[in-house]
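For reference, the structure discussed in these notes is given below.
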Amino acid sequence: MSHDHPHLSDHPEAPYLALLARGAPAEAYDRPALLARADGAGPEALAGLDAAKQLALRVRADLEGRRRREAELSALFETAHDLAGLRDLDAVLRAIVQRARSLLGTEVAYLSLNDPTAGDTYMRVTEGSVAARFQQLRLGMGEGLGGLVAQTARPYVTASYFDDERFQHTSAIDSGVREEGLVAILGVPLMLGSTVIGVLFAADRHPRVFAREEIALLGSFAAHAAVAIDTANLLAETRSALAELEKANETIRDHSAVLERASEVHDRLTELVLRGGGVRDVADAVSEVLAGTVEFADADSAQAGVLQLSGSDGHALRHGEDWLAGVSAGGELLGALVLHGQPGLDPVDRRTLERAAMVTSLLLLARRSAGEAEQRVRGELLDDLLDAPGRDPRLLRERATRLRADLDAPHVVLAARLDGPHHGGAGPRGAARRTAERRRIGSAAVYLAATRHGLASARDGGTVLLLPLGPGDTPAEIARQTAKQLSTALHEPVTVGASAVLAAPAATPTAVATAYAEARRCLEALRLLGRAGEGAAAQDLGFLGLLLADTRDIAGFVDRTIGAVVAYDRKRGTDLVRTLDAYFANGMSPARTKEQLHVHVNTVAQRVERIGRLLGPDWQCPARALEIQLALRLHVAAPAMTP
């Protein structure tokens, strides 16, 4: 019958080529022989078809293997590329177990990391796990399948965990595996060089034989994953070989342009320094060259931890989508240049950012030196007013004019001191802390004095300021404003005491030292009264202020205390002051008061009510009553001085 089917004997591979071309399943390769047999083909034709079938199946298996290998290599390429961009350790570990589970198609994937201190390996991340006990397992070296992998640095696989005696079973590990329901487990080591840093697992809840290709595939993935873990732990730029190859051509192509940009920014920064540019000019120049946005962040910003890392060695660091280059001088971190909009910064551009940070530190040091020079000049002038009052007033005025200060205008002397929780302390550390505090409050006071056209100087463990009074200002108001401004600037409470008004410091230099002594007494009184962090003048402290003030403003004290009652009597011809005096003399008893005044008790009650409206509702409280009685005595003793 073979002569009826010449095509079968002449070209037996033809139907199988068609099957290969359309990617038919393996069972479809039996169909050509079945059709030929049904058509009555002879033994020779059937033998030819069988030989062609076997050849086609081998070709099909080879093609399937190649496609599978291509898919695996593609997945490894994509995985390595993705992991190279991750910097957060938790994100790296989650990506590892998710991709391991996806690549092998298992129900569960998990990862353990070695703990060199404890000498064991612990569960770090799981994907697909449902049992809490399993997720918290710790395996000693050699215990369980994972412990054996961690100890020997070799992959292990079991199709049925509980029937496998190759590794040491423990009750804790077996309980966790049983609660999770795992049966088939494959574990491969995570290696860095010759060191095992952990184990990557893929597992199913039913028996399964993992093929050699699957073990090799998970091992290859684990090698990339170990590099990614090391990258995240060290916060460094590490590229996989595939990522490096991918970018090699682009790096070569752009190399000349990068070097040209580096030369350009070097020239621009040099020009900026020579013409006296500022920090903002540097940031603008680097923004243009690097095609991003550069800003200066001070050392107190929210990124202080990252700034410390960058400032420690002068290298630029990536922080999220930004790059930071520390600005430091003499071991002191001044801040950082922050580059936005360029997460993929190449090494040459990174050095450009670092060079700009160095230039910024020089500019800041120059500005600080100028500020310190002005601080010394302002301090020296105020020191001369305090310590050498015999200086020529004309020379004092000239020096003040150069600082834009007018010593012929009314001024107030302020004494200020830090009162934070760390103030003071004994020993070398306490002395160093006090020195740092004096430097901080001194700098803040000089800046405040400069903005208000005044003077400031460090003195007696704190600082002294000589500030002009504006229209409507009072010493008490200036003291409160200064305490608030210095406390805000230093983030710690600052107490400020004020003197009385100095009409013209240049005309009466000796009055400056006297006013400073009064301001210091007011400062100490505030601290003794538990009012640290506040600002006040003597007039705010009642009769205590009267004792502290050098001017002994008795008339002012009486006016502030009972002036409303005195004025009421004077205007209406009433007798409230005498009634008030009698009321206190008789122990605040209306009945005894009316006997002394020879009036009806209702009259006493009406007068007391009127006094209350004039002095306020708290006039009979002990502290206020004491001041009122003192004012009454002074009013009687020195009536010519009172209003």
Side-chain angles (χ1 to χ4, degrees), residues 472 474-477 479-480 495 497-501 514 517-532 534-643:
T474 65
E477 183 179 352
R480 285 190 288 271
T495 308
S499 71
V501 177
T514 303
E518 179 182 336
R520 284 194 64 196
R521 289 196 296 271
C522 186
L523 168 66
E524 294 301 329
L526 285 173
R527 302 179 73 193
L528 290 173
L529 292 172
R531 294 174 58 180
E534 297 184 20
Q539 67 186 56
D540 293 322
L541 303 180
F543 71 87
L544 179 58
L546 184 66
L547 299 176
L548 295 173
D550 286 311
T551 56
R552 300 291 189 267
D553 184 14
I554 297 175
F557 172 72
V558 172
D559 183 49
R560 289 191 299 272
T561 308
I562 61 171
V565 178
V566 174
Y568 190 89
D569 276 354
R570 182 175 297 153
K571 183 176 181 180
R572 291 174 173 78
T574 53
D575 208 10
L576 295 184
V577 172
R578 194 164 69 92
T579 301
L580 183 59
D581 187 43
Y583 183 68
F584 280 120
N586 288 281
M588 295 190 290
S589 167
R592 292 200 296 272
T593 301
K594 64 99 175 176
E595 294 294 339
Q596 179 178 334
L597 297 177
H598 306 291
V599 296
H600 195 274
V601 70
N602 290 341
T603 302
V604 174
Q606 291 170 359
R607 292 180 181 178
V608 168
E609 182 182 0
R610 173 65 64 183
I611 290 169
R613 286 199 296 269
L614 292 171
L615 297 182
D618 64 339
W619 71 281
Q620 297 189 66
C621 71
R624 185 82 187 282
L626 179 61
E627 291 198 350
I628 292 172
Q629 291 177 72
L630 179 59
L632 285 169
R633 300 282 78 77
L634 292 172
H635 176 64
V636 173
M641 300 179 61
T642 59

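Just so you know, residue 1 is the first one in the sequence shown, and it goes up from there.
- Annotation for A532 and T495: closest pair CA-OG1, 3.3 Å, computed over non-hydrogen atoms.
- Taking all atoms of both residues into account, the shortest heavy-atom contact from A582 to N586 is O-ND2, 2.8 Å.
- Atom CD of residue Q596 and atom OH of residue Y583 lie 13.5 Å apart, to the nearest 0.5 angstrom.
- Between the side chain of R607 and the backbone N or O of T579 there is no donor-acceptor pair closer than 3.5 Å.
- Atom NZ of K594 and atom OG of S589 lie 10.0 Å apart (nearest 0.5 Å).
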Apply side-chain contact (heavy atoms from CB on, under 4.5 Å) to residues R613 and E609 and explain how you reach the verdict. CA-CA 6 Å; R613 286 199 296 269; E609 182 182 0; 3.2 Å; yes

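- Expressed to the nearest 0.5 Å, how far CG of L614 lies from CG of D569 amounts to 9.0 Å.
- Residues S499 and A519 share a closest heavy-atom pair of N-CB, 3.9 Å.
- Across every non-hydrogen atom of A498 and P475, the tightest pair is CB-O, 3.6 Å.
- Distance check: E534 CD to R480 CZ gives 9.5 Å after rounding to the nearest 0.5 Å.
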For V608 and W619: C-alpha separation, side-chain torsions, deciding distance, then whether side-chain contact (heavy atoms from CB on, under 4.5 Å) applies. CA-CA 11 Å; V608 168; W619 71 281; 3.7 Å; yes

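- The only member of R572, R570, K571 that meets side chain to side chain contact (heavy atoms under 4.5 Å, CB included) when paired with T574 is R572.
- Taken from CG in D581 to CG in L576, the straight-line distance is 12.5 Å, to the nearest 0.5 Å.
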